[in-house]
Student: 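Mind looking over this structure? Questions follow.
Quick note on labels: first sequence line is chain A, next is B, and so on, each numbered from 1.
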Amino acid sequence: QVQLVESGGGLVKPGGSLRLSCAASEFTFSDYYMSWIRQAPGTGLEWVSYITTSGSYTNYADSVRGRFTISRDNAKNSLYLQMNSLRAEDTAVYYCARTLVRGVIPDYWGQGTLVTVSS
Amino acid sequence: QSALTQPASVSGSPGQSITISCTGTSSDVGGYNYVSWYQHHPGKAPKLMIYDVNIRPSGVSNRFSGSKSGNTASLTISGLQAEDEADYYCSSYTSRNTLVFGTGTKVTVL
């Protein structure tokens, strides 16, 4: 059974930084793209970023481009999201998701980690 | 990238069928057969119910089916059950090599 466990969420002040991690198991991590998706309180799902199998290509939503950086370590079966210059509107539950190469389709999701940006 | 448009809520009685629409543009839904549907019970991980417009992953009930016409995709739930009460989101690959989600639909079983 695919396992994805996010960590690193918490309370941070506006302008601050946070690094999220996602530990993957029970599948061949290096064979899949990976994505981050978030859900702000009371709103719907918003795609944030994805990374290809080797990490050579990444893409971001306009709302986070230039502030967030996605990366992966295939040797450690881990996905990361470095979040800088955080804003109140970045407050959300952040999910990591295994992502199919065809169509960039997230097929398995973790339980999420909450990031709160507030002074 | 604007979110795909879904109705805010849909309801039905047990045993009935309901359909949720998902409207985008020719740069996303209409341009690719990479439309997916997710079921999300609050506090839990979203679950993939349909991908590639109409393909059910292993283990998903055949009461769930998907289709697409032009820039609008649809999810139909037949034989509605209490456990189907959840939020449902569509998503699509886009011409910018990104992913876009729908606004979400709350399904209520009366």
Student: Checking side chain to side chain contact (heavy atoms under 4.5 Å, CB included) against A/Leu18, which of A/Asn84, A/Leu81, A/Leu86 comes through?
Tutor: A/Leu86
Student: Considering residues at least two apart in sequence or located in another chain, which fulfil the side-chain contact (heavy atoms from CB on, under 4.5 Å) criterion with A/Tyr108?
Tutor: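 Partners of A/Tyr108 under the side-chain contact (heavy atoms from CB on, under 4.5 Å) test: A/Val2, A/Leu4, A/Arg98.
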Student: Closest heavy-atom contact between A/Arg65 and A/Asn59?
Tutor: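 Smallest interatomic distance, heavy atoms only, reads NH2-OD1, 3.4 Å.
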Student: Side chain, backbone, both or neither: which part of B/Ser91 has a heavy atom under 4.5 Å from chain A?
Tutor: neither
Student: Looking at B/Gly79 and B/Ser17, what are the two nearest heavy atoms and their distance?
Tutor: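 Of all heavy-atom pairs spanning B/Gly79 and B/Ser17, the closest is N-OG, 4.1 Å.
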Student: Under a 4.5 Å heavy-atom cut-off, does chain A meet the side chain of B/Tyr32, its backbone, both or neither?
Tutor: neither
Student: Name the option with the most non-hydrogen atom pairs under 4.5 Å to chain A; the candidates are B/Ala45, B/Gly104, B/Pro46, B/Ser36.
Tutor: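 Top count of heavy-atom pairs under 4.5 Å with chain A: B/Pro46.
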Student: Can a cation-pi geometry be assigned to A/Arg38 and A/Tyr95, taking NZ or CZ under 6.0 Å from the six-membered ring centre and within 45° of the ring axis?
Tutor: no
Student: Picking from A/Val48, A/Asp62, A/Leu100, A/Thr99, which has the most non-hydrogen pairs under 4.5 angstrom with chain B?
Tutor: A/Asp62
Student: Looking at A/Glu46, A/Arg102, A/Gln111, which makes the most heavy-atom pairs under 4.5 Å with chain B?
Tutor: A/Arg102
Student: For chain A, which of B/Asp87, B/Val35, B/Asp52 has the most heavy-atom pairs under 4.5 Å?
Tutor: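 The answer is B/Asp52.
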